[in-house]
Colleague: 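For reference, the structure I am asking about is given below.
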There are 2 protein chains.
Amino acid sequence: MNKKNNVSIKDVAKASGVSITTVSRIINNTGRFSKVTQKKVIQTINDLGYEQNKLAVSLRSNKSNTVGIMVPDITNEFYSAIVKKCEQLLFSNGYSSIICNTERSSEREAAYSQVLMEHRVDGLIIISSAIDDSKVIKTTTIPTVYIDRDPHSHNELIVSSDHYTGGEIATKFILNHQLNPFLIMTKTKTSSTMERVRAFKDVLKEHQITDIESRILSLDLTSDKFLETVPSLDSYLQKIVSLKKPAGIFGINDNVAYMIIRAAQRLNINVPKTISVIGFDGNSFSEISAPKITTIVQNTTKLAQESCRLLLQQMTTQDKDVSPAIIKVPVQLVIKESTVH
Amino acid sequence: MNKKNNVSIKDVAKASGVSITTVSRIINNTGRFSKVTQKKVIQTINDLGYEQNKLAVSLRSNKSNTVGIMVPDITNEFYSAIVKKCEQLLFSNGYSSIICNTERSSEREAAYSQVLMEHRVDGLIIISSAIDDSKVIKTTTIPTVYIDRDPHSHNELIVSSDHYTGGEIATKFILNHQLNPFLIMTKTKTSSTMERVRAFKDVLKEHQITDIESRILSLDLTSDKFLETVPSLDSYLQKIVSLKKPAGIFGINDNVAYMIIRAAQRLNINVPKTISVIGFDGNSFSEISAPKITTIVQNTTKLAQESCRLLLQQMTTQDKDVSPAIIKVPVQLVIKESTVH
DNA sequence: ATGAAAGCGCTAACAG
DNA sequence: CTGTTAGCGCTTTCAT
């Protein structure tokens, strides 16, 4: 029972009384065989339960039909949605995916990187790497696409949501509704969130608003505690309410937006009448929350599609006419219940 | 750039003036070489940037150091938690994981199964398969562990939470608090939920409660709509409230429990004063909800650990002293805010 | 302590 | 239309 199916092409050849080559041709349908031998061989393949050994094919062809996907945390809804879609797309193109959960640790990334190279993966999708000037990955020269990577490095293929435009949309929404604009963010600075913040500031500047820094609250949270009460948040909200002007708070992501709403409810502040809240991401928090959260939705499907398209293109092109690029995937404002209408 | 690292053991041998065999021995540290040659060879390995080709090793040794993980939906929190942990454990034991998102479709399972066999995976973890009397998997004879599989099949290794005991605990909790017991479930009958229901019924019987069937509401939901208003739920809750006795509702899982709480809030029914709600799973719904949901928590870490332990054991044992078994992983009642104290 | 050679399963010239 | 042969990169006898 504990044994692998070890029928080889040789066995098939012998059993059907033809040469190995002929069997190979029939398996790969590369022509140069007669209908009758084909039938005969296919018959014995079924009889013997032969299964092609991709390991041997890969070794011979120097192509593993395997890609590595590095992801910080697969239990994170945003990442898992991307991974799922990528895996799907790659599979339908004949590739199997090796998933690597890096936890944003450089050591783990390095270890995985090593293993993936040894397995001779044909390509790599790296989601939101911890590595900046990564020697680890840099030395490898296989086709690679980054998702949500800080583009300070040069000739790479990077796919990410258009965080800046998303930030603009959110901020303009607030301003267009005559709301007093605020931004609440977390201390962890990833390139994606910083883009959103930059947009917020830019739009405010355009509207001649000067006290920008005082309109930004930066929360110190670890991912575990984001649901807990944060005193600084409470007092900040109370300050905002005391201004007696309906406020529009841009939560840097849906989790933060959710937190703001919960805090407001605790403090008996009406959402959306007294404060409107707008999030970013479009994850299940925006859906689960009561009221549901108006948010800037990232298109995970599109992110995956673009990434896979670029990767497949690279993997199938021997010549290097695949020039480095940064692809911005559009985001979308979805209005729900947490903002004034 | 688009080329793989193609330094082979042969190149290393040539460059360091020894035989291939010696290099192999040094790489695998199988002895029979001198300190000096070792040093020399390791030096050239580094110089040339040699990386062992696992494809060739696998072909030669008939062992791929790769396992397949079949999962219905990786964006599902419960599954992704298990997958993450499994991947971790397997990686630290030298195995790479190929993730297969089956969507519970038999066709996809079959397709994946085929590919995994071709890749000569050393083992398989199958989470909650769609397949019952699967020929697909059955024909394969590689080490396999099932998670949450209906155990109507015989000589298999199955790991699952102790759903029955969990159901008992929940129901007894309700009864012990003198609450009027009800169960709200979904129409989709998986073996795990049916165990919970069975426990509910058994405990009620033990307590001489006769009108059991009328105490069970079966909701017809697809996964997309579970957050929507369900009229039948509303009227059922109102009926329960009209009985003027504090009720204890066992939601078949946290999503259902969450739905119940939302519905209650809509109907101005106090949770937990008028109705207590207890869920099952321990996913983020139980944490996000206000009030937080008292629930029976499944131990995903343990589920993963047991599965990997069994799989690794099978993979490393040539002799078949690994007898089929059904491992029940204990669940735990975690009391939060949705039940009377 | 080291090496030559066979072979894992397969594909691809090349030769009929 | 079919077969012979070499070789992908590696491990493993079997010699020396």
Colleague: Using OP1 and OP2 only, check whether a side-chain N or O of T21(B) sits under 4.0 Å from dT12(D).
Modeller: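 No, T21(B) has no side-chain N/O under 4.0 Å of OP1/OP2 on dT12(D).
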Colleague: State whether S58(B) places a side-chain N or O below 4.0 Å from either non-bridging phosphate oxygen (OP1 or OP2) of dC8(C).
Modeller: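 Answer no for this pair, as no side-chain N or O of S58(B) is under 4.0 Å from OP1 or OP2.
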Colleague: Among D73(A), I127(A), L303(A), find the residue that satisfies the side-chain contact (heavy atoms from CB on, under 4.5 Å) test when tested with F78(A).
Modeller: L303(A)
Colleague: What is the distance, rounded to the nearest whole Å, between atom CD of E51(B) and atom C1' of dG9(D)?
Modeller: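 Going from CD in E51(B) over to C1' in dG9(D) covers 14 Å.
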Colleague: Mind calculating the distance between CG (N28(A)) and P (dA13(C)) to the nearest angstrom?
Modeller: 13 Å
Colleague: Between I20(A) and R32(A), who's closer to the 5' end of DNA chain C by nearest nucleotide?
Modeller: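 Between the two, 5'-proximity favours I20(A).
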Colleague: Measure NZ/K10(B) against P/dA4(C) and give the value in whole Å, please.
Modeller: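 Between P of dA4(C) and NZ of K10(B): 12 Å.
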Colleague: By nearest atom, which of the nucleotides dG3(C), dG9(D), dC10(C) is closest to the Y50(A) side chain?
Modeller: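 Nearest to the side chain of Y50(A) among the choices is dC10(C).
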Colleague: Measure from CD1 on I27(B) to P on dC10(D) and round the result to the nearest Å.
Modeller: 6 Å
Colleague: Could you work out which one of dC1(D), dT2(C), dG9(C) sits closest to the side chain of S34(A)?
Modeller: dC1(D)
Colleague: Check for a donor-acceptor pair, side chain of N53(A) on one end and backbone N or O of L55(A) on the other, with a separation under 3.5 Å.
Modeller: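 Yes; at least one donor-acceptor contact below 3.5 Å.
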Colleague: Let me know the distance between CZ of R25(A) and C1' of dC10(C), rounded to the nearest Å.
Modeller: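 For the pair R25(A) CZ and dC10(C) C1', the rounded distance is 13 Å.
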Colleague: Is K84(A) salt-bridged to E87(A), going by a charged N under 4.0 Å from an acidic O?
Modeller: no
Colleague: Between C1' on dG9(C) and NZ on K63(B), what's the gap in Å once rounded to a whole number?
Modeller: 19 Å
Colleague: Does a side-chain N or O from T30(A) land closer than 4.0 Å to OP1 or OP2 of dA12(C), or not?
Modeller: no
Colleague: Rounding to a whole Å, what distance do you find between N62(A):CG and dC10(D):C1'?
Modeller: 14 Å
Colleague: As a test of reading the structure: which of dG3(D), dT12(D), dG9(C) is closest to the side chain of L59(B), going by heavy atoms?
Modeller: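 Nearest listed nucleotide: dG9(C).
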Colleague: Has S105(B) got a side-chain atom pairing as donor or acceptor with E103(B)'s backbone, closer than 3.5 angstrom?
Modeller: no
Colleague: Figure out the CD/P separation between E118(A) and dG9(D), and round it to whole Å.
Modeller: 15 Å
Colleague: Begin with the C-alpha distance, continue with both residues' side-chain angles, and end with the deciding distance and a verdict on side chain to side chain donor-acceptor pair (under 3.5 Å) for T22(B) and S19(B).
Modeller: CA-CA 5 Å; T22(B) 303; S19(B) 78; 3.2 Å; yes
Colleague: Taking 4.0 Å as the cut-off, does a side-chain nitrogen or oxygen of T22(B) come that near to OP1 or OP2 on dT2(C)?
Modeller: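 For dT2(C), neither OP1 nor OP2 has a side-chain N or O of T22(B) closer than 4.0 Å.
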Colleague: Between the base of dG9(C) and the side chain of R120(B), is there a donor and acceptor pair under 3.5 angstrom?
Modeller: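 Checked by distance alone, the answer is no.
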Colleague: Want to settle it: does S61(B) or G31(B) sit nearer the 5' end of DNA chain C, counting the closest nucleotide to each?
Modeller: G31(B)
